[in-house]
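Worksheet: one structure, shown below.
We count residues from 1, following the sequence as given. No experiment lies behind these values; they were computed from the predicted model shown.
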Amino acid sequence: MSKAVKNLMIRDYQQKLAGVNDAVVISIRGVTSNDTMKLRHELRKKQVRVTVVRNNLANQAFKGTPLAAIEPLMAGPSALAYGAESVVDVARTIMEWAGKVDKLELKGAVLDGVLFKGKAGIEQLSKFPTRGEALATTVTLILSPARKVLGQIKGPGGKVMGIVKSVEEKLEKGEAIAKIG
């Protein structure tokens, strides 16, 4: 392959993956074409893209980016899966498919420059919360003490309101109210 073609491919990888900081690295060698198409179709539904890359050219394209961390995984046929809301969603989807497709090789993943090696790494990553799940947990933790304080305030206030209501009803009926203390 000529140097000009290699430079074009490097620029193509840089353009396609501009802004992509996290990805899962897989190999689809040996996977039947039907399974590959089903996998790609399912991933496309979840806004996950798959790009088959040439290892050396991809490593050159990713220098100085967070994707540079995947260099140790780039041996043999490689494809990058990226997109969706986060790489955690990608990892979860890939893990589902790993059980369905025997020859799907899970090489690893990168999240914020941190490398997760092999199937165990992708499985570990798939158990992380997504951004939305993390935000929901944070909001719940922030609101939880406020709910407890509100309950503590509301409890005694409810008792006082019950007493006031009782006194009001007695006064409306014309009954005398005993003095306290």
Side-chain angles (χ1 to χ4, degrees), residues 6-145:
K6 288 180 182 179
N7 287 335
L8 282 172
M9 290 179 73
I10 290 170
R11 271 189 268 140
D12 182 51
Y13 292 154
Q14 289 170 336
Q15 288 173 352
K16 269 187 185 175
L17 299 165
V20 174
N21 298 323
D22 313 312
V24 175
V25 183
I26 60 175
S27 173
I28 53 178
R29 175 183 271 178
V31 178
T32 66
S33 61
N34 286 340
D35 285 340
T36 301
M37 291 308 294
K38 286 178 189 174
L39 172 63
R40 284 178 179 258
H41 181 70
E42 187 66 31
L43 292 174
R44 195 175 308 120
K45 281 184 194 174
K46 296 182 179 184
Q47 282 122 18
V48 176
R49 300 190 60 184
V50 177
T51 301
V52 176
V53 294
R54 294 187 55 99
N55 297 335
N56 289 334
L57 300 178
N59 288 335
Q60 289 177 30
F62 302 151
K63 281 185 183 169
T65 70
L67 288 178
I70 65 172
E71 187 173 353
L73 306 175
M74 303 299 276
S78 301
L80 297 180
Y82 56 95
E85 183 180 318
S86 72
V87 73
V88 174
D89 289 329
V90 176
R92 288 177 182 172
T93 305
I94 295 291
M95 286 304 297
E96 288 173 21
W97 274 90
K100 298 176 188 176
V101 179
D102 293 333
K103 298 202 179 197
L104 182 64
E105 181 186 351
L106 306 177
K107 293 183 168 190
V110 64
L111 170 66
D112 294 331
V114 178
L115 184 64
F116 295 84
K117 287 186 178 180
K119 181 177 181 178
I122 295 175
E123 188 172 0
Q124 179 187 5
L125 181 62
S126 71
K127 293 178 182 173
F128 282 20
T130 63
R131 183 176 186 274
E133 293 167 350
L135 287 173
T137 302
T138 303
V139 168
T140 301
L141 289 173
I142 290 170
L143 293 179
S144 182

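For the pair D22/D112, a side-chain contact is recorded, criterion being any heavy-atom separation below 4.5 Å from C-beta on. Inter-residue side-chain proximity for L43 and I94 is flagged as met; some heavy-atom pair is nearer than 4.5 Å. For the pair L39/V101, no side-chain contact is recorded, criterion being any heavy-atom separation below 4.5 Å from C-beta on. The shortest distance between side-chain heavy atoms of V24 and I122 falls below 4.5 Å. The shortest distance between side-chain heavy atoms of E105 and K119 does not fall below 4.5 Å.
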Could you check L104 against I26 for side-chain contact (heavy atoms from CB on, under 4.5 Å), going step by step and ending with a plain yes or no? CA-CA 7 Å; L104 182 64; I26 60 175; 4.1 Å; yes
Working for side-chain contact (heavy atoms from CB on, under 4.5 Å), residues V53 and M74: CA-CA 9 Å; V53 294; M74 303 299 276; 3.4 Å; yes
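Looking at residues two or more places apart in sequence or on another chain, you find a side chain to side chain contact (heavy atoms under 4.5 Å, CB included) between K127 and E123. Here K16 pairs with D12, T51 under the side chain to side chain contact (heavy atoms under 4.5 Å, CB included) rule; sequence neighbours left out. Take R40 and apply the side chain to side chain contact (heavy atoms under 4.5 Å, CB included) test, not counting sequence neighbours, and it matches I28, T36, R44, V50, V52.
Counting only residues at least two apart or on different chains, no ring pair (Phe, Tyr, Trp, His ring centres under 6.0 Å) pair has a member in residues 45-77. Pairs engaging residues 86-134 under the ring pair (Phe, Tyr, Trp, His ring centres under 6.0 Å) rule: F116-F128 [sequence neighbours left out].
Using a distance-only test at 3.5 Å, with no hydrogens or angles considered, a donor-acceptor pair links the side chain of K107 to the main chain of A75. A donor-acceptor pair under 3.5 Å is absent between the side-chain atoms of R49 and the main chain of Y82, judged by distance alone. Proximity of a side-chain donor or acceptor of Y13 to a complementary backbone N or O of R54 within less than 3.5 Å is detected. Judged purely by atom type and a 3.5 angstrom limit, S78 uses its side chain to pair as donor or acceptor with the backbone of G76.
For the atom pair NZ of K6 and CE of M9, the computed distance is 10.0 Å after rounding to the nearest 0.5 Å. Atom CG of L8 sits about 5.0 Å away from atom CZ of R11, to the nearest 0.5 Å.
Minimum heavy-atom separation, V87 to V110: CG2-O, 4.2 Å.
Crowding of K100 atom NZ: a count of heavy atoms from other residues, nucleotides or ligands under 6.0 Å exceeding 12.
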For a quick test of your reading: what N or O donor-acceptor pairs under 3.5 Å do the side chains of residues 66-73 make, sequence neighbours left out?
none

